[in-house]
Amino acid sequence: MPLANTAIVLDFETTGLSPDMGDRAIEIGAVKIVDGKIVDNFQALMNPGRRVNSFIESYTGISNAMLAKAEPCEVVMQRFADFCQNFNLVAHNASFDKKFLDAEFKRINHHYQGQFACSLLLSRRISQQAPNHKLATLVEYHQLSTDGLFHRALADATMTGHLWLQQLSHIEQHCKKPLSFDAIMKLTRVPKAQIYRYLTQL
DNA sequence: TGCCAGGCCCTCTTTAGGGCCTT
């Protein structure tokens with residue numbers, strides 16, 4: 001049973017909010033965490049085969065000129081599949097990143113086997129006093145290390161990685177033992193009002 | 001034609017609506 005402190009934390013930049021509406025990934029960033037330490041990372045722009053709008057250029061700082069020089073999504077996603085193997089995955093608001101991961105992997109006929117946990121759902125349970133649960137707010141709230149760059153894939157994935165490790169540390173203070181990835185997945189489904197009682201029973 | 005995300009989660013709820021998050 002793999003522990004929660006070994007995982008790949010990833011983040012996509014995309015052309016929009018929904019692959020079902022035709023949106024594509026334009027950048028992926030990820031950090032590999034083994035035994036609670038970041039040991040490797042992955043970052044690549046990818047050419048979605050069409051232009052992105054000015055909002056996305058402004059929001060991410062990723063221009064159409066940058067994407068024109070990038071490898072196609074299919075090439076990058078194959079390299080990412082090799083990078084992530086079957087590590088369990090983490091993202092902030094994982095439902096968003098999972099639907100893009102699933103859509104891009106489907107295009108290259110790659111079948112991912114691991115689980116996908118969400119640092120946003122975890123934060124809503126174990127940091128209920130935080131002003132809100134946006135990634136940037138939580139980085140400041142928990143005083144996590146950051147290079148000040150936001151909305152680029154590797155920067156966001158790295159910050160989410162630090163957030164994930166902070167969350168695991170906080171949880172372990174309550175249950176007094178390292179938890180499996182599966183246990184954390186279950187924890188993100190426990191009703192908020194029951195979370196601390198649940199932790200002490202683990 | 002005109003519309004267009006969607007899962008989570010709370011509440012003035014469950015025969016629903018709206019804010020929070022992600023790009």
Side-chain angles (χ1 to χ4, degrees), chain A residues 7-31 42-67 70 73 76-77 80 84 89-107 112 115-142 144 146 149-164 166-167 184-198:
Chain A
I8 284 176
V9 184
L10 68 90
D11 182 72
F12 278 110
E13 305 305 316
T14 69
T15 65
L17 292 171
S18 174
D20 292 338
M21 301 294 289
D23 288 315
R24 297 293 304 274
I26 59 173
E27 187 182 38
I28 185 167
V31 292
F42 184 99
Q43 183 277 328
L45 291 169
M46 52 185 125
N47 188 338
R50 56 184 173 79
R51 295 181 63 81
V52 299
N53 63 38
S54 58
F55 170 79
I56 295 298
E57 283 192 310
S58 174
Y59 186 80
T60 64
I62 299 169
S63 68
N64 281 293
M66 293 161 68
L67 294 176
C73 294
V76 171
M77 291 308 298
F80 182 70
C84 74
L89 302 176
V90 177
H92 198 66
N93 198 13
S95 66
F96 175 85
D97 293 279
K98 185 176 186 302
K99 64 187 180 183
F100 278 95
L101 184 76
D102 289 347
E104 296 296 344
F105 271 169
K106 185 176 181 181
R107 287 174 176 269
Y112 172 73
Q115 298 190 88
F116 207 150
C118 180
S119 56
L120 169 63
L121 293 183
L122 200 51
S123 182
R124 283 177 174 161
R125 284 163 176 77
I126 67 173
S127 298
Q128 296 182 27
Q129 69 283 25
N132 61 57
H133 301 280
K134 294 176 183 177
L135 180 59
T137 301
L138 294 174
V139 165
E140 182 178 3
Y141 181 74
H142 294 297
L144 303 175
T146 169
L149 182 65
F150 289 91
H151 307 309
R152 286 299 299 267
L154 182 57
D156 284 3
T158 303
M159 288 185 287
T160 304
H162 290 308
L163 173 63
W164 180 249
Q166 189 279 336
Q167 291 175 317
I184 298 289
M185 290 290 294
K186 288 177 181 167
L187 213 154
T188 62
R189 303 292 171 189
V190 173
K192 284 169 62 175
Q194 300 173 19
I195 195 71
Y196 284 103
R197 189 177 55 156
Y198 181 86

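The chains referred to below are lettered A, B, ... by the order of the sequence lines, with proteins before strands, and numbering in each begins at 1.
On the P atoms, B:dG19 is 16 Å away from B:dC4, given to the nearest whole Å. Atom P of B:dC12 sits at a distance of 14 Å from the matching atom of B:dG18, rounded to the whole Å. The same atom, C1', is picked in B:dT23 and in B:dG7; the two are 16 Å apart, to the nearest Å. The C1' atoms of B:dT14 and B:dT22 are separated by 27 Å, rounded to the nearest whole Å. B:dC21 and B:dG2 are spaced 35 Å apart, taking the P atom of each and rounding to whole Å. If you take atom C1' in B:dT13 and the same atom in B:dC9, they sit 12 Å apart, rounded to whole Å.
Here B:dT23 presents its P atom at 13 Å from CD1 of A:I28, a figure rounded to the nearest Å. Between the CG atom of A:L122 and the P atom of B:dC8 there is a distance of 15 Å, rounded to whole Å. Rounded to whole Å, atom P of B:dC21 lies 15 Å from atom CG of A:D156. One interatomic measurement links the two molecules: CE of A:M21 to C1' of B:dA5, which rounds to 7 Å at whole-angstrom precision. Residue A:I56 contributes atom CD1, which lies 13 Å from atom P of B:dT22 at whole-angstrom precision. Atom CD of A:E57 and atom P of B:dT23 are 17 Å apart (whole Å). Residue A:F150 contributes atom CZ, which lies 11 Å from atom P of B:dT22 at whole-angstrom precision. Atom CD1 of A:I26 and atom C1' of B:dT22 are 14 Å apart (whole Å).
Looking only at side-chain heavy atoms (C-beta outward), A:M159 and A:L163 stay at 4.5 Å or farther from each other. Counting heavy atoms from C-beta outward, A:L120 and A:F96 have side chains that stay 4.5 Å or more apart. Under the 4.5 Å side-chain criterion, counting only non-hydrogen atoms from C-beta, A:I28 is not in contact with A:Q43.
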* Show your reasoning for whether side chain to side chain contact (heavy atoms under 4.5 Å, CB included) applies to A:H151 and A:I62. => CA-CA 10 Å; A:H151 307 309; A:I62 299 169; over 6 Å; no

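The stretch residues 93-103 of chain A touches DNA chain B through A:N93, A:F96, A:K99, each having a heavy atom under 4.0 angstrom from the strand. Residues of residues 132-139 of chain A that place a heavy atom closer than 4.0 Å to DNA chain B, in numerical order, are A:N132, A:H133, A:K134, A:L135.
Within the 4.0 Å cut-off from OP1 or OP2 of B:dC21, not a single side-chain nitrogen or oxygen of A:H92 is found.
Scanning for side-chain contact (heavy atoms from CB on, under 4.5 Å) contacts around A:A30 gives A:I8, A:L10, A:F42, A:F80, A:F83, with sequence neighbours left out. Under the salt bridge (Lys or Arg N to Asp or Glu O under 4.0 Å) criterion, A:K186 pairs with A:D182, sequence neighbours left out.
Using a 4.0 Å heavy-atom distance criterion, A:N53 is classed as making no nucleic acid contact.
By the 30° and 60° cut-offs, the orientation of the rings of A:F55 relative to A:Y59 is parallel.
Side-chain contact of A:H92 with A:T160: a donor-acceptor pair under 3.5 Å is absent, judged by distance alone.
A side-chain contact (heavy atoms from CB on, under 4.5 Å) with A:N64 holds for exactly one of A:I56, A:N47, A:I26, A:V52; it is A:V52.
The stretch residues 16-28 of chain A participates, sequence neighbours left out, in these salt bridge (Lys or Arg N to Asp or Glu O under 4.0 Å) pairs: A:R24-A:E74, A:R24-A:E104, A:E27-A:R152.
In A:E140, the CD atom is not crowded: 12 or fewer heavy atoms of neighbouring residues, nucleotides or ligands sit closer than 6.0 Å.
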* Going 5' to 3' along nucleotides 9-14 of chain B, which nucleotides have protein heavy atoms under 4.0 Å from the base (write B), which only from the sugar-phosphate (write S), and which from neither (write -)? -> SS----

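No donor-acceptor distance shorter than 3.5 angstrom exists from the side chain of A:R124 to the backbone of A:H133, with no hydrogens or angles considered.
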